[in-house]
Visitor: 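One structure follows; several queries about it will come next.
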Number of protein chains: 2
Amino acid sequence: MPQRPSRTAAKRPVHASVPPAAAVFAALGDETRLTLVRKLTTGPPRSISQLTQGSKLSRQAITKHIRVLQRAGVLRSIRQGRETLCAFDPKPIQAAQAYLDSLSEQWDQALSRLKSFVED
Amino acid sequence: MPQRPSRTAAKRPVHASVPPAAAVFAALGDETRLTLVRKLTTGPPRSISQLTQGSKLSRQAITKHIRVLQRAGVLRSIRQGRETLCAFDPKPIQAAQAYLDSLSEQWDQALSRLKSFVED
DNA sequence: TTATATTGCAACCAGGAGGTTGCCTATGCA
DNA sequence: TGCATAGGCAACCTCCTGGTTGCAATATAA
């Protein structure tokens with residue numbers, strides 16, 4: 001929980017360690033990519049071939065999805081010998097959570113204002 | 001996206017009040033749409049014209065974005081006289097939060113397993 | 001009733017997303 | 001050394017997305 005990505009991520013830090021919320025949501029907005037993310041949150045880092053196994057898609061298709069997730073910061077990968085190991089990085093997800101939390105909070109406040117207005 | 005139009009429409013329960021997580025994330029994966037959502041979480045329901053004001057985009061473009069958000073369940077809209085009022089619906093966002101929470105939890109558990117494994 | 005404002009609908013367009021295939025390089029192993 | 005495995009690159013295809021414009025329909029206001 002001691003995360004440093006600014007909780008109010010609306011300021012657009014140029015050196016953003018984490019891409020803007022919309023980019024993270026876009027990366028998560030695909031079943032195939034969500035499946036990859038779930039695989040990597042539940043288990044150890046895996047190679048592209050391993051991630052391709054069990055999928056109907058070609059290795060290249062999976063590679064493209066992995067790159068989308070990488071650009072969003074959700075995954076990191078390092079070349080290890082002849083294979084490329086992909087690992088989950090929790091920071092962008094935490095940023096996305098913070099974003100949704102702020103949305104919910106705004107909504108709750110709007111509801112409160114409406115309620116007290118009606119009660120007058 | 002593999003499963004685009006519901007060619008296999010038996011994929012999710014008919015009374016799903018909330019579309020699958022990926023659909024919600026996809027809807028939120030666009031700056032313009034995030035801006036619309038923020039506007040409607042902070043304020044009262046607004047018409048399409050009102051939502052278009054202050055944007056560089058045409059009314060039709062905004063309309064299309066609104067429909068994307070509607071399909072994801074994030075917005076609801078009702079015709080009121082000659083204008084269409086759009087309002088925020090918190091359910092899909094809450095579902096998305098729950099999804100991210102479960103991801104985080106899985107990740108934490110994976111870390112714990114790794115830790116206790118290393119310590120042995 | 002006649003304007004004016006608010007939408008919806010349809011056509012159209014450019015570009016990007018998702019997917020495949022073929023080929024090449026690099027690494028590990030017998 | 002030679003071969004199988006892992007992955008990168010590039011070309012190509014199709015369809016969706018995000019945007020525009022023009023026009024018709026409806027509802028309000030004067």
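Within every chain, numbering begins at 1; the chains are lettered A, B, ... in the order of the sequence lines, protein sequences first and strands thereafter. These numbers come from a predicted model, not from an experiment.
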Visitor: How long is the line joining CD of A/Q70 and C1' of D/dG7, in whole Å?
Guide: 13 Å
Visitor: Given atom CD1 of A/I48 and atom P of C/dA26, what is their separation to the nearest angstrom?
Guide: 17 Å
Visitor: I need the NZ-P distance between A/K56 and C/dT20, as an integer number of Å.
Guide: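 The answer, rounded to whole Å, is 12 Å.
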Visitor: Which comes earlier along DNA chain C counting from the 5' end, the contact point of A/Q80 or that of A/R71, where each point is its nearest nucleotide?
Guide: A/R71
Visitor: Round to a whole Å and report the spacing from CD1 of A/I66 to P of C/dA17.
Guide: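 Result: 17 Å.
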Visitor: To the nearest Å, give me how far apart CD (A/Q53) and C1' (D/dA6) are.
Guide: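 Result: 12 Å.
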Visitor: Any donor-acceptor pair, under 3.5 Å, between the side chain of A/R82 and the base of D/dT5, if you only look at N and O atoms?
Guide: yes
Visitor: Atom CD1 of A/I66 and atom OG1 of A/T32: how far apart are they, to the nearest 0.5 Å?
Guide: 11.5 Å
Visitor: Take B/Q94 and A/S104, measure what side-chain hydrogen bond (donor to acceptor under 3.5 Å, both in side chains) needs, and give me the verdict at the end.
Guide: CA-CA 8 Å; B/Q94 290 167 353; A/S104 293; 6.0 Å; no
Visitor: For A/L85 and D/dG7, what is the distance between atoms CG and P respectively, to the nearest whole Å?
Guide: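 These atoms are roughly 8 Å apart.
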Visitor: Measuring to OP1 and OP2 of D/dG8, would you say a side-chain N or O of A/T84 lies under 4.0 angstrom away?
Guide: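 For A/T84, the contact criterion (side-chain N or O under 4.0 Å from OP1 or OP2 of D/dG8) is met.
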Visitor: Please determine if a side-chain N or O atom of A/S58 lies less than 4.0 Å away from the OP1 or OP2 oxygen of C/dT21.
Guide: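 For C/dT21, OP1/OP2 do not have a side-chain N/O of A/S58 under 4.0 Å.
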Visitor: Of all the nucleotides listed (C/dG18, D/dG18, C/dC9), which has the minimum atom distance to the side chain of B/R67?
Guide: C/dC9
Visitor: My understanding is that only one of B/L57, B/L36, B/I62 makes a side chain to side chain contact (heavy atoms under 4.5 Å, CB included) with B/T52; could you say which?
Guide: B/I62
Visitor: With hydrogens left out and only the distance checked, is there a donor-acceptor pair under 3.5 Å joining A/Q60's side chain and the base of C/dG19?
Guide: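 Such a pair does not exist between side chain and base.
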Visitor: How many Å lie between CD on B/E31 and P on D/dG19, as a whole number?
Guide: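 Distance, rounded to whole Å: 12 Å.
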Visitor: Do the ring planes of B/W107 and A/F88 sit parallel (below 30°), tilted (30 to 60°) or perpendicular (above 60°)?
Guide: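 Correct class here is perpendicular.
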Visitor: Whole-Å distance between C/dA17 P and A/I62 CD1?
Guide: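 Rounded to the whole Å, the gap is 17 Å.
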Visitor: Any side-chain N or O of A/T32 under 4.0 Å from OP1/OP2 of C/dG18?
Guide: no
Visitor: Under 3.5 Å, is there an N or O donor on one side and an acceptor on the other linking the side chain of A/R59 and the base of D/dG8?
Guide: yes
Visitor: With distance as the sole test, does A/R71 use its side chain to make a donor-acceptor pair with the main-chain N or O of A/A27 at under 3.5 Å?
Guide: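 Between the backbone of A/A27 and the side chain of A/R71 there is no qualifying donor-acceptor contact (under 3.5 Å).
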Visitor: Taking only the side-chain nitrogens and oxygens of B/T63, find out if one of them lies under 4.0 Å from OP1 or OP2 of C/dT7.
Guide: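 No.
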Visitor: Let's see if you can work this out: which of D/dT20, C/dC9, C/dT7 has an atom nearest to the side-chain heavy atoms of B/R79?
Guide: C/dT7
Visitor: Could you pick out which residue, A/K64 or B/E83, lies toward the 5' side of DNA chain C when each is mapped onto its nearest nucleotide?
Guide: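 Closest to the 5' end, via its nearest nucleotide, is B/E83.
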